[in-house]
Amino acid sequence: MDDDHVFRALADPTRRYLLDRLFERDGRTLTELESELEMTRFGVMKHLRVLEGAGLVVTRRSGREKLHFLNPVPIRLIHDRWITKYAEHRVAALADLKTELEESA
Amino acid sequence: MSTMTAQATQVYSVFVRATPEQLWDAITKPEFTSKYFYGSVIESTWKQGAPYAGWASDRSQQYVDGEVIEASPPRKLITTWRALYDPETAAEPFSRVTWEIEPAGDGVTKLTVVHDELEASPKTAENVAGGWSFVLSGLKTLLETGEPLSG
């Protein structure tokens, strides 16, 4: 399942850090991303490959450079599939509780 | 929360269990777009140079204005883009939206949307940043289940 790749990719602090860096500024080269991490080029490449496999990072060529872009769509899909479904009931229950408590006060 | 500088080139990609032709129809036919594109009815003759317009479902308001730069069904569509629903984005220059459709094997197709040339349109860049994920998630759900995203 696609979701498995996304959850697995997100279950690592370095990869989340890389996503946050791309969120701040997109379209970066490996060299730029590497300069923000205390890690070998090979290590950063490995993490980027996992993120790319999960669809969270998309690479595009611009001249001779390979640029890395954050792709937020898989996170949106998880939000729509997993978060909205559970969080909305919870929020609705809390809202009902609040109304009830305020009315009885 | 960290601040976000809206990007002048934005890339969105999704794998959809559908054929390239089905994706092309979903992008270019108003009866589909109205089900995932914030209710917009997208209209064009899809000829190079033709207008590209997105309307509210009751046609009371035009949301998006642009022109077809390239239409190569079922693989590639490029249009210019200006969002009219906000006076600030409407005042900015046209940016560019490219839809790339590539077969990815096993009945799955990869759809990539590149929204670029946003350098002179920072309000538009900020405005569309969350929107494309919503649109592509809705498009995937519609094609895979036949139903629009609920909620």
Side-chain angles (χ1 to χ4, degrees), chain A residues 1-6 9-10 13 16-29 32-33 36 48-49 51-63 65-92 95, chain B residues 1-18 23 35-36 38 76 96 98-100 102 104-119 122 125-126 128-145 147-151:
Chain A
M1 262 308 285
D2 295 354
D3 284 359
D4 291 349
H5 292 289
V6 180
L10 290 172
R16 292 195 298 271
Y17 182 83
L18 282 168
L19 290 180
D20 276 345
R21 299 288 73 73
L22 289 174
F23 181 83
E24 279 172 10
R25 194 162 51 80
D26 228 349
R28 300 211 215 188
T29 61
E32 281 177 82
L33 288 166
E36 302 219 10
L48 285 171
R49 214 173 300 134
L51 288 168
E52 212 179 328
L56 290 162
V57 164
V58 176
T59 58
R60 296 187 70 83
R61 291 219 155 264
S62 170
E65 290 187 321
K66 185 172 162 189
L67 304 180
H68 298 76
F69 291 88
L70 169 69
N71 176 30
V73 181
I75 295 176
R76 178 76 211 198
L77 293 174
I78 282 178
H79 169 268
D80 291 344
R81 167 66 182 86
W82 291 103
I83 316 285
T84 321
K85 179 174 163 186
Y86 295 102
E88 269 177 3
H89 290 293
R90 202 59 65 81
V91 171
Chain B
M1 200 176 141
S2 57
T3 52
M4 177 176 172
T5 334
Q7 312 288 335
T9 296
Q10 300 179 16
V11 182
Y12 301 88
S13 168
V14 70
F15 288 90
V16 182
R17 193 160 288 285
L23 270 157
K35 293 191 179 118
Y36 67 86
Y38 292 96
K76 195 173 203 175
R96 179 173 70 172
T98 303
W99 302 76
E100 292 167 357
E102 304 158 73
D106 284 336
V108 173
T109 301
K110 182 182 186 185
L111 171 65
T112 304
V113 172
V114 181
H115 196 153
D116 64 358
E117 299 188 351
L118 283 158
E119 286 82 358
E126 202 185 312
V128 300
W132 282 116
S133 294
F134 172 77
V135 167
L136 294 193
S137 174
L139 171 55
K140 177 181 167 75
T141 303
L142 179 68
L143 282 176
E144 291 182 353
T145 69
E147 302 288 332
L149 261 182
S150 56

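So that the names make sense, note that chain A is the first sequence line, chain B the second, and so on, each numbered from 1.
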Colleague: Do you know which of A:N71, A:L77, A:I75 has the most heavy-atom pairs with chain B at a distance under 4.5 angstrom?
Modeller: A:N71
Colleague: Taking the side chain as everything from C-beta on, heavy atoms only, tell me whether A:R76 gets closer than 4.5 Å to B:L136.
Modeller: no
Colleague: Give, as side chain, backbone, both or neither, the part of A:D80 having an atom under 4.5 angstrom from any heavy atom of chain B.
Modeller: side chain
Colleague: Relative to chain A, which of B:G138, B:S137, B:A8, B:G130 shows the most heavy atom pairs under 4.5 Å?
Modeller: B:S137
Colleague: Of the backbone (N, CA, C, O) and the side chain (C-beta and beyond), which part of A:R81 lies under 4.5 Å from a heavy atom of chain B, both, or neither?
Modeller: neither
Colleague: With sequence neighbours excluded, what pairs up with B:R96 under the salt bridge (Lys or Arg N to Asp or Glu O under 4.0 Å) test?
Modeller: B:D116, B:E117
Colleague: Can you tell me which portion of A:L22 sits under 4.5 Å from chain B's heavy atoms? Options are side chain, backbone, both or neither.
Modeller: backbone
Colleague: Tell me, for B:V114 versus chain A, whether the close heavy atoms (under 4.5 Å) come from the side chain, the backbone, both or neither.
Modeller: side chain
Colleague: To the nearest 0.5 angstrom, please state how far the OG1 atom of B:T112 sits from the CZ atom of A:R60.
Modeller: 6.5 Å
Colleague: Output all residues satisfying salt bridge (Lys or Arg N to Asp or Glu O under 4.0 Å) with B:E102, sequence neighbours left out; order by chain, then residue number.
Modeller: none
Colleague: Can you name the nearest heavy-atom pair linking B:S13 to A:V73, along with the distance?
Modeller: O-CB, 3.5 Å
